[in-house]
Amino acid sequence: MDATDSPLDGAAVTDSTPPSLSETRRQIDEADRALVAALRARLDAVRRIGAAKEASGTALVDRSREAEVAGRWTALAEEAGLNPHAAGRVLREVLHWSKREQELEWQVNAPTRVRVAYQGARAANGDLAARQLMGLRRTPVDTVGLSTFDAVIAALQAGDVDYAFVPVENSIVGSIEAVNSLLLQSQLHVVDEEKWDVEHVLAAREGATLAGLRRALSHPVALRQCRGTLVDSLALESVEVWDTAGAAEIVAASDDLTQAAVCPRGAAEANGLVVLRDDVSDHPGNWTRFLLLGTRPEKNAAGVPSRTTLSFVADHGVGSLARCLAAFESEGINLTRLSSHVLAGRPGQYGFLVDLEGHVEDEPVGRALVAMRAASRQLTILGSYPDRSRGREMPIMKVRQKNAEPPVRHAHALPTAIFSGRRQLAGVHLDATRFVLIAGPSAVESAAQVEAAATMVREVGGSLLRGGAFQPRTSTDSFQGLGMEGVNLLASAGRRHGLPVVTEVLHANVLDAIAARADVLQIGAHNMQNFELLRALGRIDRPVLLKRGMSATIDEWLHAAETILAAGNHQVVLCEHGIRTFETSTRATLDLAAIAIVKERTNLPVIVDPSHAAGRRELVVPLALAAAAAGADGLIVECHPDPENALCDREQALTRDDMLRLVDGLGPILAGQGRTLA
Ligand SMILES: O=C(O)C(=O)C[C@]1(C(=O)O)C=C[C@@H](O)C=C1
């Protein structure tokens, strides 16, 4: 059926009739035209600024201006009712594009056709990234896929190709050892770099279905990056092959409809495969940094933000490495990478690779290198080249501090803007002056119990009511919860007492039903890396209380948060509730430092659950007060009208008197911080 024959079309238009499909598409076309015209105008202005900066010798990148642009963009997006997180991603691309346009004006490159070798099959990440980079260099390219990194380097050394294009680091797996040790001794020159966003899709032959799949084929690293989705959610067997795009070729060449490739989208397209699932990576922010190697150094215009790579060997002896690096500190030069690698053919001997911000011709870099040459046994400058990574890790936007300094870069800083557009928890506003107290029983047991608990929470000044309805227990003899009936009892007690309710969602299949009844959805520690569930939360308009996994690092916790944000729900509240350590006196060790760290790195509210961490009543109040003092935005605590007879977690449930003691203790702490109970 042609789109214009759509049932949406053709009906007589009355006031109540929605506009036809073709009319709505016309509006989209118009909006797209306006977007493209706006981009054109923006890029023209950006180029003019680039030319002016070149004329005046000013650096291209201006971080404080970028922070200002980001702040305004997010505020405008919010005003227009758009998801500021999604808008932040678009801005990141626009800024990246703008800076590359400026760089191109400055670039001095001969546009002759070149051959570039990479490791992998056609349309592997290396192939796609090499084409992108050569496009930016305005250089026509033929790419040559080879089976190993050694072969790639050997092809360049033999003069069979003009450049070798190799990955040196990945945001998830770290240093690519095989390449770095080759680089250390290759006598080649680094002439450019590309930071490539890796996207893994699940692709199979026409006719295959997600339900019918049994096996996923890919490079071992890609399989590791997608384990949660492939193995835990889709129950697929992982099959290792030499390359991601190679997996797409294997799948395309076979008529087995039960196997799929985990590969770049471009490889799926190049091999005529159908994408059954987008973005199967467990972690957002997967990027690989590639270097373009040549046999001769190349000039990149001075003034363009540059990066320099060098290798050195330090003498054996106390402090020799520190002496080699000391000059960078005194010259104020930022090192972006320092890695050590075994020297081939010299077992037990290591060489170092360093990436630094700046150009060898910059005076401070020159001075530092003179000092380093004196302190090291051997120093080789591999090249200065355009710094194409800088500014791509858009600082986590702190909209309320528009002109703030860009935050410190962390190994796993969230790659995109993270901002809780609505810092509220079901109508309870969370700002610097408020502290939220969520309380209630571990499990909803009966109408009478939840009613008594709600009365208690209301009386002591709590603002939300918590209660579990699905109790994931290790022993099947334990109380398993009342299920949906429990959610209903909780919701009606909450309504009667004017308390929004918080309850846990264990499976995506009950998400809609629970979201229809509860005001805040809690994701338990066991589910923190259930990426299927996290993505499903993205389409729900309810705040999500994301508990930290018992053994999850802060990075992993924030990646989980970002999965929900990236999927479209920006009402994420983090919940610290203790991590597993060697200490056995408590059930878990409450990580108070995590409060300050997530506040430093994100704009998300963080609340603390002292009950779970303590595991016993006597410790709950002191831990709760410590959390408030450490700057948490609130607490979620367990309380019960009759703890001795509680069906779950009776040892840690607070009594009414304990709750009153807690609230009394919070008073002076919050007052000292200029806060009050919400
Ligand atoms: O305003 C500038 O100085 C620009 O060069 C424009 C622009 C932008 O695209 O908005 C680009 C690069 C700078 O880092 C900051 C901002």
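Every heavy atom of this structure was used, including side-chain atoms; hydrogens, water molecules and symmetry mates were not. Remember, it's 1-based here, ligands and their atoms both numbered in the order they're listed.
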Derivation and outcome, side chain to side chain donor-acceptor pair (under 3.5 Å), residues Gln571 and Asp541: CA-CA 8 Å; Gln571 305 173 71; Asp541 184 18; 2.8 Å; yes

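- The closest protein non-hydrogen atom to atom 12 (C) of ligand 1 is Lys99 CG, 3.6 Å.
- In terms of protein heavy atoms, atom 9 (O) of ligand 1 is closest to Arg42 NH1, 2.9 Å.
- Short contacts between ligand 1 and Ser98, defined as distances under 4.0 Å to a heavy atom of the residue, involve ligand atoms 9 (O).
- Classification of Arg548 and Asp591 as a salt-bridged pair holds, one side-chain N sitting under 4.0 Å from a carboxylate O.
- Within a 6.0 Å radius of CD in Gln27, more than 12 heavy atoms belonging to other residues, nucleotides or ligands are found.
- More than 12 heavy atoms of other shown residues, nucleotides or ligands fall within 6.0 angstrom of atom CD in Glu177.
- In this comparison of Lys53, Arg47, Glu66, the heavy atom closest to atom 14 (O) of ligand 1 sits on Glu66.
- Taking every non-hydrogen atom of Val46 and a distance limit under 4.0 Å, the qualifying atoms of ligand 1 come out as 9 (O).
- The closest protein non-hydrogen atom to atom 16 (C) of ligand 1 is Arg65 CG, 3.8 Å.
- Here Leu95 has side-chain heavy atoms under 4.0 Å from ligand 1, and that is the only part of it that gets that close.
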Test log, rule side chain to side chain donor-acceptor pair (under 3.5 Å), inputs Trp287 and Asn170: CA-CA 6 Å; Trp287 52 256; Asn170 171 269; over 6 Å; no

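- The closest donor-acceptor contact from the side chain of Ser384 to the backbone of Val360 lies under 3.5 Å.
- Residue-ligand proximity, Ile49 to ligand 1, at heavy-atom distances under 4.0 Å covers atoms 1 (O), 2 (C), 3 (O), 4 (C), 5 (O).
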